[in-house]
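Since this is a predicted model, take the numbers as computed values, not measurements. Numbers here simply count residues along the sequence, with the first being 1.
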Amino acid sequence: MAGLFRRYGFAAIVAVGLALMAAAIVGKTLFNGWESVASGPAQAKGPGAPGGAGGGMGVAAVAVAPHAFTDGVRAIGTAQARESIVITPKVADTIRAIRFESGQRVRLGQVLVEMSSVEQAADVA
């Protein structure tokens, strides 16, 4: 039992905290909703109306209007790849051609970079 609490204790505390916050929000919303219905201007006083002779709950009509909603998050941060490599040549020379694109998958043994063979050509000459 102690092992489970050590393993999941923090998650349980966070879950309980989120549940309490959600209950508070729902309770406040419901309380404010009933309060606005009870104190609305189109309140009828009669046997079935709140505060009327019957003491029951009344019915209220509310106008519905569209509301724009965006589901986006703006954040500032830095992205870093999970895997990366550093390519180093065996000889010091200049690059003549790069045979891959950024983010492209490559096969084992595929030629990625062609070097200009200026030094080797000079040695042969």
Side-chain angles (χ1 to χ4, degrees):
M1 185 68 176
L4 276 174
F5 184 75
R6 257 189 243 135
R7 187 170 191 171
Y8 298 109
F10 181 73
I13 291 170
V14 169
V16 168
L18 288 173
L20 288 173
M21 285 191 287
I25 290 170
V26 169
K28 184 175 180 182
T29 303
L30 289 176
F31 181 72
N32 286 343
W34 283 113
E35 188 177 86
S36 66
V37 168
S39 65
Q43 185 174 6
K45 297 286 185 189
M57 294 301 294
V59 177
V62 178
V64 178
H67 178 70
F69 178 77
T70 58
D71 192 18
V73 176
R74 288 182 165 215
I76 297 174
T78 308
Q80 185 175 4
R82 282 187 276 158
E83 297 180 22
S84 64
I85 61 169
V86 177
I87 300 175
T88 57
K90 293 181 180 178
V91 294
D93 212 347
T94 58
I95 296 174
R96 180 171 49 176
I98 299 176
R99 297 189 175 265
F100 66 95
E101 297 292 325
S102 177
Q104 175 186 354
R105 292 187 182 268
V106 295
R107 296 181 318 273
L108 180 66
Q110 179 181 346
V111 176
L112 301 177
V113 178
E114 285 184 22
M115 307 293 280
S116 64
S117 55
V118 174
E119 288 185 24
Q120 288 82 5
D123 288 341
V124 171

(request) Sequence neighbours left out, what passes side chain to side chain donor-acceptor pair (under 3.5 Å) with T94? Give chain and number order. (result) S116
(message) Tell me whether L108 shares a hydrophobic cluster with L112, the cluster being built from Ile, Leu, Val, Met, Phe, Trp, Tyr side chains joined at under 4.5 Å.
(response) no
(message) Looking at every non-hydrogen atom in both residues, tell me the closest pair between Q110 and R99 and how far apart they are.
(response) NE2-O, 3.9 Å
(request) Decide if atom CD of Q104 counts as having more than 12 heavy atoms of other residues, nucleotides or ligands within a radius under 6.0 Å. (result) yes
(request) Just grab all the salt bridge (charged side-chain N to carboxylate O under 4.0 Å, His left out) pairs involving residues 74-84, residues at least two apart or on different chains. (result) none
(message) Once side chain to side chain contact (heavy atoms under 4.5 Å, CB included) is applied, do any residues pair with Q80, and if so which ones, sequence neighbours excluded?
(response) none
(request) Could you pull out all residues at least two apart from I25 that satisfy side chain to side chain contact (heavy atoms under 4.5 Å, CB included)? (result) T29
(request) Name all residues meeting the side chain to side chain contact (heavy atoms under 4.5 Å, CB included) criterion together with I98; count only those two or more places apart in sequence or in a different chain, and write none if there are none. (result) I95, F100
(request) Tell me, please, which residues at least two apart from L20 pass side chain to side chain contact (heavy atoms under 4.5 Å, CB included). (result) V16
